[in-house]
Amino acid sequence: MSATGICHQGTVKEIKGNVLFVEIERSAACASCHAKGACLASQRKDEIIPIATNEPDEFQVGETVQVNLKKSMGAKAVVIAYLCPFLALILGLFGTYYFTKNELLSIGVAFAATALYFLFVKKIDERLKKHFTFFVSKID
């Protein structure tokens with residue numbers, strides 16, 4: 001991670017129009033972690049990310065590039081993916097228990113609230129994709 005954003009190296013796998021399809025390796029631990037050699041192969045996953053660019057002719061298939069995301073976008077993603085569903089779960093659990101004193105009902109409402117949150121996120125997925133944009137640059 002750089003001071004200005006979140007960076008990954010990737011390989012251009014395909015170019016279609018103004019969209020580059022870049023393969024990056026996502027791993028459970030940071031590449032700079034001292035324990036990276038201990039990571040299991042099952043913790044690593046290659047993922048292809050479509051990235052729109054205004055200069056697709058500058059890139060070639062097989063080229064190694066840098067994929068960037070603004071640091072503030074990473075923080076927003078953490079809030080959307082982890083903090084909000086956690087709050088839905090906790091508020092559903094304790095809110096229902098406070099009013100009903102029924103543990104089983106509280107658990108059901110908590111899971112339902114979390115599921116409804118994720119359905120909502122799925123519904124606004126296209127808007128989120130427009131908001132969370134990746135940038136690609138050549139490696140010097």
Q: By side chain to side chain donor-acceptor pair (under 3.5 Å), which residues pair with Gln9, not counting sequence neighbours?
A: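 Scan of Gln9 (side chain to side chain donor-acceptor pair (under 3.5 Å), adjacent residues dropped) gives none.
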Q: For Glu103, is the CD atom crowded, meaning more than 12 foreign heavy atoms sit under 6.0 Å from it?
A: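 Check fails, neighbour count at 12 or below.
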Q: Following the transitive rule for hydrophobic clusters with a side-chain heavy-atom cut-off under 4.5 Å over Ile, Leu, Val, Met, Phe, Trp and Tyr, establish whether Leu128 and Val79 coincide in one cluster.
A: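 In one cluster: no.
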Q: Any side-chain heavy atom of Asn68 within less than 4.5 Å of one from Val136?
A: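 With C-beta onward as the side chain, the pair stays apart.
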Q: May I ask you to list the residues sharing a hydrophobic cluster with Ile48, side-chain cutoff 4.5 Å, ordered by chain and number?
A: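 Once heavy-atom contacts under 4.5 Å are chained together, Ile48 belongs with Val19, Phe21.
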Q: So Val65 and Thr11, side chain to side chain contact (heavy atoms under 4.5 Å, CB included) or not? Walk me through it.
A: CA-CA 6 Å; Val65 294; Thr11 306; over 6 Å; no
Q: Would you kindly confirm whether Leu116 and Phe118 end up in one hydrophobic cluster when ILVMFWY residues are joined by side chain heavy atoms under 4.5 Å apart?
A: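 Hydrophobic grouping puts Leu116 apart from Phe118.
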Q: Other members of the hydrophobic cluster containing Tyr82, with the 4.5 Å side-chain heavy-atom rule, please.
A: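 So far as hydrophobic clustering goes, Tyr82 is joined with Val78.
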Q: So, do Pro50 and Leu20 sit near enough that their side-chain heavy atoms are less than 4.5 Å apart?
A: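 In short, these two side chains do not touch, never coming nearer than 4.5 Å.
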Q: Measure the spacing between CZ of Phe99 and OG of Ser106 and express it to the nearest 0.5 Å.
A: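 So the CZ of Phe99 and the OG of Ser106 are separated by 11.0 Å.
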Q: So with a 6.0 Å cut-off around NZ of Lys123, is the heavy-atom count from everything else above 12?
A: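 12 or below, so no.
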Q: Suppose we screen for side-chain contact (heavy atoms from CB on, under 4.5 Å). Which residues come up paired with Glu55, at least two apart in sequence or across chains?
A: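 With sequence neighbours excluded, Glu55 shows a side-chain contact (heavy atoms from CB on, under 4.5 Å) to Thr53, Glu58, given in chain and number order.
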Q: Identify all side-chain donor-acceptor contacts of residues 85-98 below 3.5 Å with residues at least two apart in sequence or on another chain.
A:
residue	atom	partner	partner atom	Å
Thr96	OG1	Gly92	O	2.7

Q: My understanding is that only residues two or more places apart in sequence, or in another chain, count here; which of them pass salt bridge (Lys or Arg N to Asp or Glu O under 4.0 Å) with Lys16?
A: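 Scan of Lys16 (salt bridge (Lys or Arg N to Asp or Glu O under 4.0 Å), adjacent residues dropped) gives Glu14.
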Q: Decide if atom CG of Leu104 counts as having more than 12 heavy atoms of other residues, nucleotides or ligands within a radius under 6.0 Å.
A: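 Not more than 12 within 6.0 Å, no.
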Q: With rounding to the nearest 0.5 angstrom, report the OG1 to NZ distance, Thr64 to Lys138.
A: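 If I round to the nearest 0.5 Å, the distance is 10.5 Å.
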Q: Which heavy atom in Tyr117 sits nearest to a heavy atom in Ile80, and how many Å separate them?
A: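 For Tyr117 versus Ile80, the nearest heavy atoms are OH-O, 2.6 Å.
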